[in-house]
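Every value quoted in this text rests on a predicted model; they were computed, and no experiment measured them. The chains referred to below are lettered A, B, ... by the order of the sequence lines, with proteins before strands, and numbering in each begins at 1.
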There are 2 protein chains.
Amino acid sequence: MDIISPAIRRSDVASACSRLLRTKRLRRFCGGTPMRSWSRATTNIPKTEANKVPEVQLFEERSLKLAWYAGWPDGGHNYSYPHQWLRFHCQCAECRQPFSNQRILDPSKIPGNITLLDAFIEGDCVVLEWTDNHKGRINLKWLVENHLHKLEKEDKSELSLKKSHSIGMSVIDYKELEKSEYVRHLYEAILKEGHIKVHGLPTTPGTVKKFVQDVFNLPVQRTIYGEVFDVMSTDKPINVAYSNAELKPHMDLVYYESPPGLQLLHCLKFDESVQGGESILIDGFDVAEKMRYKFPAEFNVLCSTPVTFEKIHYEREWPVHMRYRRPHIVINDKREITGFFWAPQFEGPFFASEGNVERYYDAYRKLASLIDASPTKKSFLMRPGDLIIFNNRTWLHGRNAFTVSEGVRHLQGCYVNIDEFQSQAQVTLFGNKQRIQFPHVGNQSF
Amino acid sequence: MDIISPAIRRSDVASACSRLLRTKRLRRFCGGTPMRSWSRATTNIPKTEANKVPEVQLFEERSLKLAWYAGWPDGGHNYSYPHQWLRFHCQCAECRQPFSNQRILDPSKIPGNITLLDAFIEGDCVVLEWTDNHKGRINLKWLVENHLHKLEKEDKSELSLKKSHSIGMSVIDYKELEKSEYVRHLYEAILKEGHIKVHGLPTTPGTVKKFVQDVFNLPVQRTIYGEVFDVMSTDKPINVAYSNAELKPHMDLVYYESPPGLQLLHCLKFDESVQGGESILIDGFDVAEKMRYKFPAEFNVLCSTPVTFEKIHYEREWPVHMRYRRPHIVINDKREITGFFWAPQFEGPFFASEGNVERYYDAYRKLASLIDASPTKKSFLMRPGDLIIFNNRTWLHGRNAFTVSEGVRHLQGCYVNIDEFQSQAQVTLFGNKQRIQFPHVGNQSF
């Protein structure tokens, strides 16, 4: 049988196979009574590094316990796997198509009362025999990495990337990005700090798109503004960014279900005669956390009140009439913040019951004040050849008003899809060897 | 002052101006006591079509009431506009940048105790004088179309598009799409029924992308499968779709924050010798509603339990490691279903507390059975030149297994972003004249 678990490459399987030689057949479950106590079982396990096969213990009526030696990626613990869970995650070739790794088993065909009859280790898998006559298998490495409580544990893992706060900004030289360790640094800074500055790019138009393709190995995220957009003052701006007015802190394109992930802004021209025009960055997730701490009731209002974001503009080459309703703050089942949406410039009509109007505007005003006063605010001038990259889903950006007189301020920008960025960060930083718990990137994933 | 409300084009403003000639200055609010009762006010309004200026009634301490004549788009009613709401929605050139229509007022600067001092009609606007010395204005048409309770009312409006169920499928001939009324029909069928079939396309590769550009005037939505993907049986499928196996009903790419909106599948080749391979469509939103009706407790489990969808595949040109956690069913504040995610093929490890595992799989199994038994199921054979378009966010698709022997089954597909589709539908069907309440398109907008 050709087994490729979704978490493991062929080469990994080969090396795992050579490591794990013992085949163990274990005790059959009889009548719901534990055959022996767990404490005795664990005590008996010789904890040598060489002995890496997990101990299979089938003495629970509805779940299988596996004791993992410390040598395993998340080992040194015993984890319980409910029978139902194991059956649904079967990785045999009948249940999961070998090359594509996609599940082909029909979940509705699994009986509700399915029970495990037997389990034993064979090679790098645990083989599972079921009351519906199915004989399946699950890769051991996958099992230890994806136990039920993985998400709670992984937060404490050394391998998880933590959000970090720095007063300054990470800066990197464009030429350094030829070396892979600097590319890794680029990813880490964006994941942990939310932004990074790159110096010394050529000032040729189109460089920003080429940067995404060459450095991130990703396509740019196309939007109603195209693939690459120019930010410079014009007479009839189709966007307030394309004028010389102050641009209050905001996120871009929040009227999309999935607004742009990374935003890249590349400075092509910034004449000395231009007065003002400093770029501004503010940590939106940090502000939202402060909101929860300082104004818990108002925080809840902003989590539960949908507001309208819209872009309705017919006098443009591609007329658009976009409207999306969502709360400003999105939290998951653990009440962690997973999404934040702030763009006063693009707020449309607020629909609500009359009783909720003042409650909402009161909370809104408090959030706006926290943004204004945020200590995370960074203000800096872009110079020709500078590139700023930031996560548009967790950070707000803006700019001070400027006077152009005779000079020109010209930035060119583009976006990267948030899910594709996260995928590429995992591939680049860790590959398939270790799954990493990233800080929330703002894509509303739980 | 150059006022362009976000809901109105210059030409609309001009015609509105010519219609609305009367300027009315009304009673000043004194000390919180209503100056007269609402009933008397409404009784006094002459309800002739010619007299279209709304009656401004400033007799409430915290809100402004406007009585709209039946000639207005949503008229024949009186609506109450809270002061705070009016101030935040100000459309004067100081608060909203004329050409881009974006809001430039700083919401944190609006005092919490702001009160309206005076209000009167001038041209096509209501002019509002505030205690913070601001003098603003809001377009009348925008006001009547965007009153607080608009969303509740609009459901009953004749202009809203209702979801409809038909036993068959709408079919249209490719050549007919040269006429704009057939393009309108195309949009309406997708919005109301979720799918449409187009006959008689050329069988040249690339036609499907050209169709999106020519007929929808939209770019295709690029994903990790590129802009256009080929569905035909191969030896080492990077996706189960690229084999000849049965493809159980599912949605595509649910490991993206915003999975593809429309899916287009264009049949290039389907040899007579191919046995099986029927395409299948099932209404996912209908199944989810049935789930709520038949199994309300399990419905709630599926709304509140996040599951993992993933695509982890290193052995491809663009290695991907995508993982997204979300519940199967997403509801809004009114408990309407706004999102549905079903793709057993792409389910990753399920993380939960042990107590929730059986509860979840029980609900999951019930949903899977409802999908299997859904009366909305449509099964049909694609023939060369056929194009099927369906909403990948509300409908599931699949196909029966097939045997190729010597023949070939070759489909080419692409996607359209859900928000861009909805925008284009509004622009094409109604323009900016009337805002339409669409059926939920599955993009999780409230």
Side-chain angles (χ1 to χ4, degrees), chain A residues 6 9 80 82 84-85 97 99-100 102-104 106-108 112 146 148 150-151 219 222 236-240 245 248 256-258 306 312-314 319-322 324-326 333 344-345 347 349-352 354 357-358 361 364-365 368-369 372 418-419 423 426-427 432 443-446, chain B residues 6 9 82 84-85 97 99-104 106-108 112 146 148 150-151 219 222 236-240 245 248 256-258 306 312 314 319-322 324-326 333 344-345 347 349-352 354 357-358 361-362 364-365 368-369 372 418-419 423 426-427 432 443-446:
Chain A
R9 276 180 296 186
S80 190
Q84 295 260 358
W85 188 97
Q97 202 185 43
F99 194 81
S100 72
Q102 283 166 231
R103 199 162 77 175
I104 46 178
D106 181 355
S108 64
N146 292 287
L148 271 177
K150 180 69 174 174
L151 290 191
R222 192 199 44 70
K236 286 192 170 185
I238 58 166
N239 188 304
V240 72
K248 295 287 292 180
Y256 269 95
E257 180 180 29
S258 181
I312 298 174
H313 206 177
Y314 280 77
V320 290
H321 195 128
M322 302 187 84
Y324 199 96
R325 295 184 72 235
R326 58 180 14 140
D333 52 338
Q345 296 87 342
E347 279 165 25
F350 176 58
F351 304 111
E354 269 159 78
V357 171
E358 293 199 19
Y361 282 119
Y364 181 98
R365 202 178 277 110
S369 302
D372 272 358
I418 192 67
D419 307 303
S423 167
Q426 167 76 40
V427 169
N432 207 2
N443 66 348
Q444 303 181 79
S445 174
F446 274 58
Chain B
R9 276 181 297 186
Q84 295 259 358
W85 188 98
Q97 202 185 43
F99 194 81
S100 72
N101 290 332
Q102 283 166 231
R103 199 162 78 176
I104 46 178
D106 181 356
S108 64
N146 293 287
L148 272 177
K150 180 68 174 175
L151 291 191
R222 192 199 44 70
K236 286 193 170 184
I238 59 166
N239 188 304
V240 71
K248 296 286 292 180
Y256 270 95
E257 180 180 29
S258 181
I312 298 174
Y314 280 77
V320 290
H321 195 128
M322 301 186 85
Y324 198 97
R325 295 184 72 234
R326 57 180 15 140
D333 52 338
Q345 296 88 342
E347 278 165 26
F350 176 57
F351 304 111
E354 269 159 77
V357 172
E358 293 199 18
Y361 283 118
D362 175 48
Y364 181 98
R365 201 179 277 109
S369 303
D372 272 358
I418 191 66
D419 307 303
S423 167
Q426 167 76 40
V427 169
N432 207 1
N443 66 348
Q444 304 181 79
S445 174
F446 274 57

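- Between A:Gln426 atom CD and B:Met322 atom CE the span is 12.0 Å, to the nearest 0.5 Å.
- To the nearest 0.5 Å, atom NE2 of residue A:His313 and atom CG of residue B:Asn432 are 10.5 Å apart.
- Only the side chain of A:Asp372 comes within contact range of chain B, judged by heavy atoms closer than 4.5 Å.
- Both the backbone and the side chain of B:Val427 come within contact range of chain A, judged by heavy atoms closer than 4.5 Å.
- With rounding to the nearest 0.5 Å, the separation of CG in B:Asn146 from CZ in A:Phe351 is 4.5 Å.
- With respect to chain B, the highest number of heavy-atom pairs below 4.5 Å among A:Pro82, A:Ser423, A:Ala368 belongs to A:Ser423.
- What you find for A:Tyr324 and B:Ser445 is that their closest heavy atoms are OH-N, 3.3 Å.
- In this structure a side-chain-to-backbone donor-acceptor pair under 3.5 Å is missing from A:Asp419 to B:Tyr256.
- Expressed to the nearest 0.5 Å, how far CD of A:Glu354 lies from CG of B:Leu148 amounts to 6.0 Å.
- Residue B:Trp85 comes nearest to A:Tyr361 through the heavy atom pair CA-CE1, 3.7 Å, listed as atom of the first residue, atom of the second, then distance.
- Counting heavy atoms from C-beta outward, A:Arg222 and B:Arg222 have side chains that stay 4.5 Å or more apart.
- Here the straight-line distance linking atom CD of A:Gln84 with atom OH of B:Tyr364 works out to 12.0 Å at 0.5 Å rounding.
- Both the backbone and the side chain of B:Asn443 have a heavy atom closer than 4.5 Å to some heavy atom of chain A.
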